[in-house]
Peer 1: 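Sending over a structure as structure tokens; questions will come in a sec.
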Amino acid sequence: MKAKPITILRDPKALIEETVDDEPILITKNGEESLVVLSPDKYESLLGNKTQARVYGNHEAEPSDPLGFVRVRSAPVEVRVANIKHNVGEIKKKMEEAHRDGVKVLVLPELCLSSYTCGDLFGDKSLLDRCLEGLKDLKEYSKELKGLLTFVGLPYMQGNCLYNVAAPIYEGHVLALVPKKHIPNYKEFYEARYFSRAPEKNIPIILFKEKIPFGNKTVLVNSSYPDLKIGVEICEDLWVSNPHSNDLSMNGATLICNLSASNETVGKRQYRESLVSMTSARQISAYAYSSAGRGESSTDLIFGGQCLIYENGNCLSNSGLFDMKEATADIDIEKLLAERRKMTTYNEQVEPFDQVYFSMPLEKPAKIMRNYEKNPFIPKGDIDLGRVSLIIRMQAEGLAKRLKATYSKKAVVGLSGGLDSTLALLVGVEAFTLLGLSKENLIAITLPAFGTSTRTRTNAEKLAQDLGVTFKEINIKASVLSHLRDIGHDPNDLNVTYENAQARERTQVLLDYSNDIGGLMIGTGDLSELCLGWTTYNGDHMSSYGVNASIPKTLVRYLVVGYSRLHPECAEALLDIVDTPISPELLPTDEKGNIAQKTEDKIGPYELHDFFIYHYLRFLYRPRKLYEIAKVAYEGSLGDDEIKKWLREFFRRFFSNQFKRSCLPDGAKVGSVAISPRGDWRMPSDADSEEYLREIDSL
């Protein structure tokens, strides 16, 4: 046989080459040539331990920026047992539908070319040959389906062994053959009767005149968007104690594709979903799972065709059993990598896997197939009273520890009749209850000045009475006017000095009063205000302990409403506080004594800012991405220009107010997002926001 060699490995003792005309391998050793078909074990013994990770394909391509979004689909195939022609036709339909729908990665079930339930027919060479012909047919068919990567399953003979493999097909090429690692042979499974487990090391093979890797130590890399790295495991590989996808993710795989033929038994669906969820969470990966369904033999088993797409533990799409429907979602690679970057423990060194490069230009989907909640800090549906109790208990535990550590049996809260100070007082009540302290030693002080409204003053006193705490009023108007005279400020000039003088006077009184009674001043400022800098430096920005430090404004409201349901005796005051416009009450009231200064008119809707805060602090999304996902969340309620306006305000304020956050008082982290300079967020106070604002202006 005439061979056209391609060098794979050069070694002083052996020169191993492959032919491009057929599968036999040309070996040149000690000057003698021979053509042989090597089984994986013999190939490995020849190479010894000197094999290195190989690179296949061209890793150079024009970069693309899809904002991290990649559309993935898991789809069942209605097969006929051992009818490869029919199965190829059904697979083509799935490929065509996926291409039409803008899908980039399509995952089909295990052994879908032949069907999973062929039994001893897997030993029939004619079936294996027809599967190879079917794979070639699909490879040619894929040439016209630009930008679609499809995973199909088939039985494949390599050397002297039969393997259960996954074949990724892309634009006229089979990129690799990935064999199953764990072969089940228990209960209803007896795959070891037919299939061998994946070899310990990859070997290069020639398939359809192209050199590709054969082995499961393979990661597919999109050279146009290298953050999309794809690993493959097959059914049982997921169910074992040490899934193969662990090593795949450690080799950089951000998407794991599982071709499965998981039969149905009562309760197995829930177990399967839990398994996929926890696997994707542990690996911080996206996980696309596609199982065999209708058409498989029912001689002994029933197959439900369930398809799942999970991302870092969260379900993005889940088809029902037996309905033969697809699961489709836009996974977010940037989100996954942001999480991996934070976890410095995500760095286990593993054996380097072969990399197969393919070029798939990507762009942001016209309509993102993901759900973004307007209020990411708040659970969907009716108020979860268990969650409310847990969060307030966590806040109270933190405060109780601080009270014990400072030997304080008294505490002071500046109670304005607004949301934040209300929650701080509720937390104080719970902390005093935990410690067995008298609530009379918890002192709620209202400090009326020029902007205090009748409504907030009345609510503050009523709430204190309902809760059974001590209520006290200290009017600070005269003190503020005296201070303004001292610094030569005209009290008719209602500028920032006029406002801040009141905020600082309030804080001074509260701190001094708490000193005087040997107590502790409880801070009231929330996470949203801290992120936006909507605090007065060394005013309401300061306290002995900030119980709301990691509670955003939307969650503050949620907790207060929840507390009103848990404690109906104070519900009237709490619900009126919830309905009161948010205001620092630093500008004079109107002629009727109503609030004239409304915070959200100045800085924008807290709901939208909390959306930005969650996604920026949690995943560090760039402005353009925040803008795009906010458009999805607020479609129909906020216009694009308004989102852009407040996004700019968010970044401007976030960067310019870091100096306030750099010296925050202590306050425990409660949720997944916090801003403590000692914990979650450390940023120079003089960091420059220019590039961020320029990006927003260009939207």
Peer 1: Would you say the side-chain atoms of Gln395 pair up with the backbone N or O of Val547, donor to acceptor, closer than 3.5 Å?
Peer 2: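 Here the side-chain-to-backbone pair exists.
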
Peer 1: Side chain to side chain contact (heavy atoms under 4.5 Å, CB included) with Ala75: which residues, sequence neighbours excluded?
Peer 2: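 For Ala75 the side chain to side chain contact (heavy atoms under 4.5 Å, CB included) partners, ignoring immediate neighbours, are Arg73, Lys94, Leu106, Leu108, Glu326.
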
Peer 1: Could you check whether any side-chain N or O of Ser280 sits under 3.5 Å from a backbone N or O of Tyr287, counting only pairs where one atom can act as donor and the other as acceptor?
Peer 2: no

Peer 1: Once you round to the nearest 0.5 Å, how far does CG of Asp576 lie from CG of Leu463?
Peer 2: 11.0 Å

Peer 1: Does Asn222 use its side chain to pair, donor to acceptor, with the backbone of Ser224 at less than 3.5 Å?
Peer 2: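 Yes, because the side chain of Asn222 sits within donor-acceptor range (under 3.5 Å) of the backbone of Ser224.
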
Peer 1: Using a cut-off of 6.0 Å, state whether more than 12 heavy atoms not belonging to Lys342 lie near its atom NZ.
Peer 2: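 For Lys342, atom NZ is crowded (more than 12 foreign heavy atoms under 6.0 Å).
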
Peer 1: Identify whether the distance between the nearest side-chain nitrogen and carboxylate oxygen of Lys367 and Glu635 falls below 4.0 Å.
Peer 2: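 Yes, charged N to carboxylate O under 4.0 Å.
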
Peer 1: Quick one, Leu308 with Glu273, criterion side-chain contact (heavy atoms from CB on, under 4.5 Å). Give me CA distance, side-chain angles, the key distance, then yes/no.
Peer 2: CA-CA 8 Å; Leu308 306 168; Glu273 292 167 357; 4.0 Å; yes

Peer 1: Can you give me the closest heavy-atom contact between Arg682 and Pro677, atom names plus distance?
Peer 2: CG-O, 3.3 Å

Peer 1: Looking at residues at least two apart in the chain, or sitting in another chain, which of them share a ring-ring contact (aromatic ring centres under 6.0 Å, His included) with Phe611?
Peer 2: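 For Phe611, the residues satisfying ring-ring contact (aromatic ring centres under 6.0 Å, His included) (neighbours in sequence not counted) are His615, Tyr634.
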
Peer 1: Could I get the full list of ring-ring contact (aromatic ring centres under 6.0 Å, His included) partners for Phe151, not counting sequence neighbours?
Peer 2: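 ring-ring contact (aromatic ring centres under 6.0 Å, His included) list for Phe151, sorted by chain: empty.
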
Peer 1: Do other residues, nucleotides or ligands put more than 12 heavy atoms under 6.0 Å from the CD atom of Glu373?
Peer 2: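 Buried by this count: over 12 neighbours within 6.0 Å.
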
Peer 1: To check you understand the geometry: which heavy-atom pair defines the closest contact between Val670 and Met394, and what is its length?
Peer 2: O-CE, 3.6 Å

Peer 1: Begin from the C-alpha positions of Glu690 and Leu693 and carry the test side-chain contact (heavy atoms from CB on, under 4.5 Å) through to its verdict.
Peer 2: CA-CA 5 Å; Glu690 181 181 350; Leu693 300 181; 6.0 Å; no

Peer 1: Could you list the residues that satisfy side chain to side chain contact (heavy atoms under 4.5 Å, CB included) with Asn314, not counting sequence neighbours?
Peer 2: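 Asn314: no side chain to side chain contact (heavy atoms under 4.5 Å, CB included) contacts found.
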
Peer 1: May I ask you to decide if Val561's main-chain N or O and Ser564's side chain share a donor-acceptor pair within less than 3.5 Å?
Peer 2: yes

Peer 1: Does a side-chain N-to-carboxylate-O contact under 4.0 Å join Asp610 and Lys553?
Peer 2: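 Looking at Lys553 together with Asp610, the answer is no, because their closest N to O distance does not fall below 4.0 Å.
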
Peer 1: Taking Asp697 first and then Lys644, would you say they form a salt bridge - that is, a charged N and a carboxylate O separated by under 4.0 Å?
Peer 2: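 Salt bridge flag = no for Lys644 with Asp697.
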
Peer 1: Going by the rule side chain to side chain contact (heavy atoms under 4.5 Å, CB included), which residues pair with Thr456 if we only count those two or more places apart in sequence or in a different chain?
Peer 2: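 Result, side chain to side chain contact (heavy atoms under 4.5 Å, CB included) vs Thr456: Thr452, Ser453, Thr580, Glu585, Ile595.
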
Peer 1: Atom CD of residue position Glu97 - does it have more than 12 heavy atoms of other residues, nucleotides or ligands inside 6.0 Å?
Peer 2: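 Buried by this count: over 12 neighbours within 6.0 Å.
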
Peer 1: Restricting to pairs with a member in residues 612-630, which pass salt bridge (Lys or Arg N to Asp or Glu O under 4.0 Å), not counting sequence neighbours?
Peer 2: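 Passing the test, one end in residues 612-630: Asp65-Arg622, Asp65-Arg624, Asp332-Lys625, Glu334-Arg622, Glu334-Lys625, Glu339-Arg618, Lys364-Glu628, Glu628-Lys631.
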
Peer 1: ring-ring contact (aromatic ring centres under 6.0 Å, His included), that's the test. Do Tyr616 and Phe612 meet it? Break it down for me.
Peer 2: CA-CA 6 Å; Tyr616 184 65; Phe612 295 148; 9.8 Å; no

Peer 1: Going by the rule salt bridge (Lys or Arg N to Asp or Glu O under 4.0 Å), which residues pair with Arg71 if we only count those two or more places apart in sequence or in a different chain?
Peer 2: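 If we apply the salt bridge (Lys or Arg N to Asp or Glu O under 4.0 Å) test to Arg71, skipping adjacent residues, the hits are Asp330.
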
Peer 1: Strictly by ring-ring contact (aromatic ring centres under 6.0 Å, His included), give each pair with a member in residues 529-555 just once, sequence neighbours left out.
Peer 2: Tyr537-His541, Tyr537-Phe659

Peer 1: What distance separates Thr535 OG1 from Leu664 CG, expressed to the nearest 0.5 Å?
Peer 2: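 It comes to 8.0 Å.
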
Peer 1: Could you walk me through whether Tyr289 and Tyr310 pass ring-ring contact (aromatic ring centres under 6.0 Å, His included), step by step?
Peer 2: CA-CA 9 Å; Tyr289 180 99; Tyr310 275 75; 9.6 Å; no

Peer 1: Using a 3.5 Å distance criterion without hydrogens, assess whether the side chain of Tyr558 forms a donor-acceptor pair with backbone atoms of Asp384.
Peer 2: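 Yes.
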
Peer 1: From Phe358 CZ over to Leu228 CG, what is the distance, rounded to the nearest 0.5 angstrom?
Peer 2: 5.5 Å

Peer 1: Quick test of your reading of the model: are Asp526 and Arg557 salt-bridged, counting only N-O distances below 4.0 Å?
Peer 2: no

Peer 1: Could you pull out all residues at least two apart from Glu607 that satisfy salt bridge (Lys or Arg N to Asp or Glu O under 4.0 Å)?
Peer 2: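 For Glu607, no residue satisfies salt bridge (Lys or Arg N to Asp or Glu O under 4.0 Å) once neighbours in sequence are set aside.
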
Peer 1: Does NZ or CZ of Arg652 fall inside the cone over Tyr692's six-membered ring, less than 6.0 Å from its centre and within 45° of the axis?
Peer 2: no

Peer 1: Of all heavy-atom pairs between Cys307 and Ala327, which one has the smallest distance, and what is that distance?
Peer 2: O-CB, 3.6 Å

Peer 1: Take Ile675 and Ile613, measure what side-chain contact (heavy atoms from CB on, under 4.5 Å) needs, and give me the verdict at the end.
Peer 2: CA-CA 10 Å; Ile675 202 72; Ile613 288 167; over 6 Å; no

Peer 1: When you look at CE of Met278, are more than 12 heavy atoms from neighbouring residues, nucleotides or ligands closer to it than 6.0 Å?
Peer 2: no

Peer 1: For Phe450, enumerate each residue passing the ring-ring contact (aromatic ring centres under 6.0 Å, His included) test, keeping only those at least two apart in sequence or located in another chain.
Peer 2: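 Counting only residues at least two positions away or on another chain, Phe450 forms a ring-ring contact (aromatic ring centres under 6.0 Å, His included) with Tyr498.
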
Peer 1: Check this for me: does any side-chain nitrogen of one of Arg694 and Glu691 sit under 4.0 Å from a carboxylate oxygen of the other?
Peer 2: yes

Peer 1: For Glu649, is there an ion pair with Arg653 - N to carboxylate O distance below 4.0 angstrom?
Peer 2: yes

Peer 1: The test is side-chain contact (heavy atoms from CB on, under 4.5 Å); show your working for Leu316 and Thr328 and say whether it passes.
Peer 2: CA-CA 8 Å; Leu316 300 184; Thr328 308; over 6 Å; no

Peer 1: Which residues satisfy the ring-ring contact (aromatic ring centres under 6.0 Å, His included) test with His59, sequence neighbours excluded?
Peer 2: Tyr357

Peer 1: Just to verify, what does Lys669 make a salt bridge (Lys or Arg N to Asp or Glu O under 4.0 Å) with, not counting sequence neighbours?
Peer 2: Asp680

Peer 1: From Asn371 CG over to Cys315 SG, what is the distance, rounded to the nearest 0.5 angstrom?
Peer 2: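 Going from CG on Asn371 over to SG on Cys315, the span is 11.5 Å.
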
Peer 1: What closest approach, in Å, do Pro588 and Leu494 show between heavy atoms, and which atom pair accounts for it?
Peer 2: CD-CD1, 3.9 Å

Peer 1: With no hydrogens and no angle check, just 3.5 Å: does a side-chain donor-acceptor pair link Thr254 and Ser285?
Peer 2: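 Absent: no donor and acceptor within the cut-off.
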
